[in-house]
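This report refers to the structure that appears directly beneath it.
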There are 4 protein chains.
Amino acid sequence: MTQYESLKELIMLDANEEAKFSEKQLKIIEAAIEIFSEKGFAATSTNEIAKKAGVAEGTIFRHYKTKKELLVSIVSPLMAKLLGPHFAKDFANEVFELKYETFEEFIRNLASNRYEFIKKHIAVVKILIQEISYHKELKEPYVRLFKEHVYEKFKNIILHFQKKGEIVDESPDTIMRLIITTIMGTLVSLFLVLPDNEWDTESELESTIQFLINGLSVK
Amino acid sequence: MTQYESLKELIMLDANEEAKFSEKQLKIIEAAIEIFSEKGFAATSTNEIAKKAGVAEGTIFRHYKTKKELLVSIVSPLMAKLLGPHFAKDFANEVFELKYETFEEFIRNLASNRYEFIKKHIAVVKILIQEISYHKELKEPYVRLFKEHVYEKFKNIILHFQKKGEIVDESPDTIMRLIITTIMGTLVSLFLVLPDNEWDTESELESTIQFLINGLSVK
Amino acid sequence: MTQYESLKELIMLDANEEAKFSEKQLKIIEAAIEIFSEKGFAATSTNEIAKKAGVAEGTIFRHYKTKKELLVSIVSPLMAKLLGPHFAKDFANEVFELKYETFEEFIRNLASNRYEFIKKHIAVVKILIQEISYHKELKEPYVRLFKEHVYEKFKNIILHFQKKGEIVDESPDTIMRLIITTIMGTLVSLFLVLPDNEWDTESELESTIQFLINGLSVK
Amino acid sequence: MTQYESLKELIMLDANEEAKFSEKQLKIIEAAIEIFSEKGFAATSTNEIAKKAGVAEGTIFRHYKTKKELLVSIVSPLMAKLLGPHFAKDFANEVFELKYETFEEFIRNLASNRYEFIKKHIAVVKILIQEISYHKELKEPYVRLFKEHVYEKFKNIILHFQKKGEIVDESPDTIMRLIITTIMGTLVSLFLVLPDNEWDTESELESTIQFLINGLSVK
DNA sequence: TATGAATGAGCGTTCATTCAT
DNA sequence: TATGAATGAACGCTCATTCAT
């Protein structure tokens, strides 16, 4: 249940300055996250959410005009965070590249940041992954944000390490895709596809990082 | 529309020997695949399927007791195929390992087989990925099949190439996970997450195979 | 209950040629008319209609997409009929005027036609009067039909009898308004405002016709 | 907006002596009148009224126990006024008849009084007309008041002018009905049915009075 | 085999009303 | 006095499923 504590924090960060969430509203969000991630958005009824949250069904609609608005309000702050620290909008490009001395340092930083975050917010991440392709409201801002703020910076880092001769001379787009696929794929495998298996997640992450560096470095 | 042609083949293979599917039933399957993959199982109504298929709503329930049965009947043959040729139940272990002379040959074969298959049946694959975690009926036989018939053989192959010194000395489970993650992650990326981008999918697949071999081989 | 028999006829005239109304649908219309006219459209619940009609609530929505569509389907054929026989669209203007030899004949015909009709369909007339100002779907075609097909012909009749010196030399618009107001007002009074009083409706109608002719004729 | 000014006056007269209406309460009444007359009582939500009035929803129920009580409090003072000055309860019969020297004077006075009043309070009149048949609370006192205080006096006036030979020898009930129907029908036509048409309402009223006198007077 | 009208449970949402503040 | 969060019954409507034809 401690993960829900942290989800409250996540969502409350969105309402910066004042945390203006009533207790009932937090109960609703908590219940919605739990059931959405278990059964999927479309298969979850507002009646079910209300019961689990211990509120009247009408109370949900006092806070969110529609069920979909509830979904968006849960998932949106997560999306911002996922594209978060490394690619902050106001971050200067030129400085950025210099931040990491080696490609390994970059990958290690990227992966472990995402690892901690996803581990904490695994239920919301599952909702995001499941629902993003069905709801334009979720997909469009995410895609735009990536294109406008993340893509160029990410590409520059790759070019930087290619110039330094640290990584293979593939198309940056392909390398970017392989990095994201490998890290995200691993996290999804560990937390969503095979959550019951008793993985030593930390050591799996380490292996994945090694694999990634090995796979992209010039021999 | 040619992909639906091939889907009919896929499903008809399940009803081996006699292909006892009426034209109406094929229309239903076709329509269901299209809408399920677009909107998700729970958000698709049988009325919608019936309309798109050009049949009466009752006709669906003449062929499938429930809506879920329709889903299972669409997705199940695909699952069998996905775990398919390489790991067929009646395939002798000892022979199997000998089939591939190098690790690269194994990976290349595994990846390109899955690539062709998924490309053909992308809509059903999407349904499978989206729905598998919500329906025990889909997940359990898949997991059992993997554990009972695929896991050991796959592990043996890995051990075989580790003994030969071709690949790194990691835990076979981890290596298996990295292989599956990388191949599936790539295919999902290319076909589902970024289907609009104009990837040269063949060359992306080649890069992925190179990356995988590079990442797992001893330097 | 015989009035509902005639309402079925009214509504079925709309679906000319084949009377394709199932028994259940007629029950729904019957129940809706009764409750709409008693409590008003907005205060009537579909659940209530279903119960009175002896059908499931879903059945209503199989025949009518929305509650409002049910209202429109009930009221629309009445509107056509109300502007009906005297002012049929395909009726030639020049012939029309000649139909009536005296103003009294015209008024008497107009009034008694409307009288019989409204008496038969009083419940639907009440619904029409109550709801027309709240629903554009009802008002607009009614107003257009009047302007395009009735107004000119009606005016010509008035001008005709003014030329003949039978009626006063007021503005035709005003005379038209007085005629409609007096006839409709009387019918509304007798059937809707004071339905419980034991009027001899036939003799009241006669008095009204006399009053109307008296009021408009030159002394 | 000036009409609402006058409505406040109207309603405040009901609370005679002390005008104990807070500003918020007046805002509520104002908003309720506007929306009730636009959409009808049943189709208006208290939430909507509260928003338009700029008060909290709870505030409405601090002043009125139910939504219906709000309706009654708006419409009731109007009803009293409508049966107003001519037929005041404490008015002596015998004096009354003498008040008017001619039938025309009576009609002219009756009509123009109602004309000014309805013009001022058209929105509330519309609510009254629309809702009176659905709510006993509105209908019953109105009917009783008419029967007990207005009917006899009105009848006496008619008999008085019949004896004088000024008007036709019809049943007084019928004549009363024709007078009320013609005046009310005209006012309803001008203000409610065809409010957009640019009538010269004053001259229409004059024509109506002439028509009424003409129609009822002996030739 | 196929239909499509009928069902009634359940859906997301709105409602008038209550009550702690 | 006024608020507005909370309520839960009721709303219009959709759903998967049934069944007589």
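Basis for what follows: all heavy atoms, side chains included, without hydrogens, waters or symmetry-related copies. Throughout, a chain's letter reflects where its sequence line sits, starting with A, and its residues are numbered from 1.
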| remark: A/F21 atom CZ is separated from F/dA6 atom C1', nearest whole Å, by 18 Å
| message | Rounded to whole Å, how long is the line connecting atom CD1 of C/I60 with atom P of F/dC15? | response | 17 Å
| said: It should be established whether D/H63 places a side-chain nitrogen or oxygen under 4.0 Å from OP1 or OP2 of nucleotide F/dA2. | reply: yes
| task | Round to the nearest Å and state the distance from D/K68 atom NZ to E/dT17 atom C1'. | result | 15 Å
| message | Checking the side chain of D/K67 only, and the main-chain atoms of D/T44 only, is there a donor and an acceptor separated by less than 3.5 Å? | response | yes
| message | Tell me the interatomic distance from C/K27, atom NZ, to E/dA6, atom C1', rounded to whole angstroms. | response | 16 Å
| query | Looking at A/K39 and A/E48, does any basic side-chain N land under 4.0 Å from a carboxylate oxygen? | reply | yes
| message | Give me the atom names and distance for the closest heavy-atom approach of C/I28 to C/I60. | response | CD1-CA, 3.9 Å
| field | Separation of atom CG in C/L71 from atom C1' in F/dC13, rounded to whole Å | value | 17 Å
| query | D/Y64 OH to E/dT18 P: how many Å, rounded? | reply | 16 Å
| Between A/Q25 and A/T59: side-chain donor-acceptor atoms closer than 3.5 Å | no
| query | With a 6.0 Å cut-off on ring centres, are C/F21 and C/H63 close enough? | reply | no
| query | For C/K51, does the NZ atom have more than 12 heavy-atom neighbours from other residues, nucleotides or ligands under 6.0 Å away? | reply | no
| request: Between B/E23 and A/K65, name the one whose nearest nucleotide on DNA chain E is closer to the 5' end. | output: B/E23
| task | Determine: side-chain N/O of A/R62 to OP1/OP2 of F/dA5, distance under 4.0 Å, yes or no. | result | yes
Between protein and nucleotides 8-12 of chain E, what N or O pairs are separated by less than 3.5 Å?
unit_1: E/dG12; atom_1: OP1; unit_2: A/T44; atom_2: O; d: 3.1
unit_1: E/dG12; atom_1: OP1; unit_2: A/K67; atom_2: NZ; d: 2.9
unit_1: E/dG12; atom_1: OP2; unit_2: A/T46; atom_2: N; d: 2.7
unit_1: E/dG12; atom_1: OP2; unit_2: A/T46; atom_2: OG1; d: 2.9

| said: So that I can compare with my own list, what are the stems of DNA chain E, taken as at least three consecutive Watson-Crick or G-U pairs with distances under 3.5 Å? | reply: E:2-21 with F:2-21
| said: Evaluate C/Q130 against D/S133 for side chain to side chain donor-acceptor pair (under 3.5 Å), listing each step before the verdict. | reply: CA-CA 10 Å; C/Q130 294 279 6; D/S133 66; 3.2 Å; yes
| task | Apply side-chain contact (heavy atoms from CB on, under 4.5 Å) to B/K24 and list each qualifying residue two or more places apart in sequence or on a separate chain. | result | B/S22, B/V55
| request: For side chain to side chain donor-acceptor pair (under 3.5 Å), just list the numbers for B/Y142 and B/E137, CA-CA rounded to whole Å, side-chain angles, deciding distance to a tenth of an Å, and then say yes or no. | output: CA-CA 9 Å; B/Y142 185 70; B/E137 302 90 325; over 6 Å; no
| Distance in angstrom units between C/I28 CD1 and F/dC13 C1', rounded | 14 Å
| note | From NZ of C/K24 across to P of E/dG4 the rounded distance in Å is 18 Å
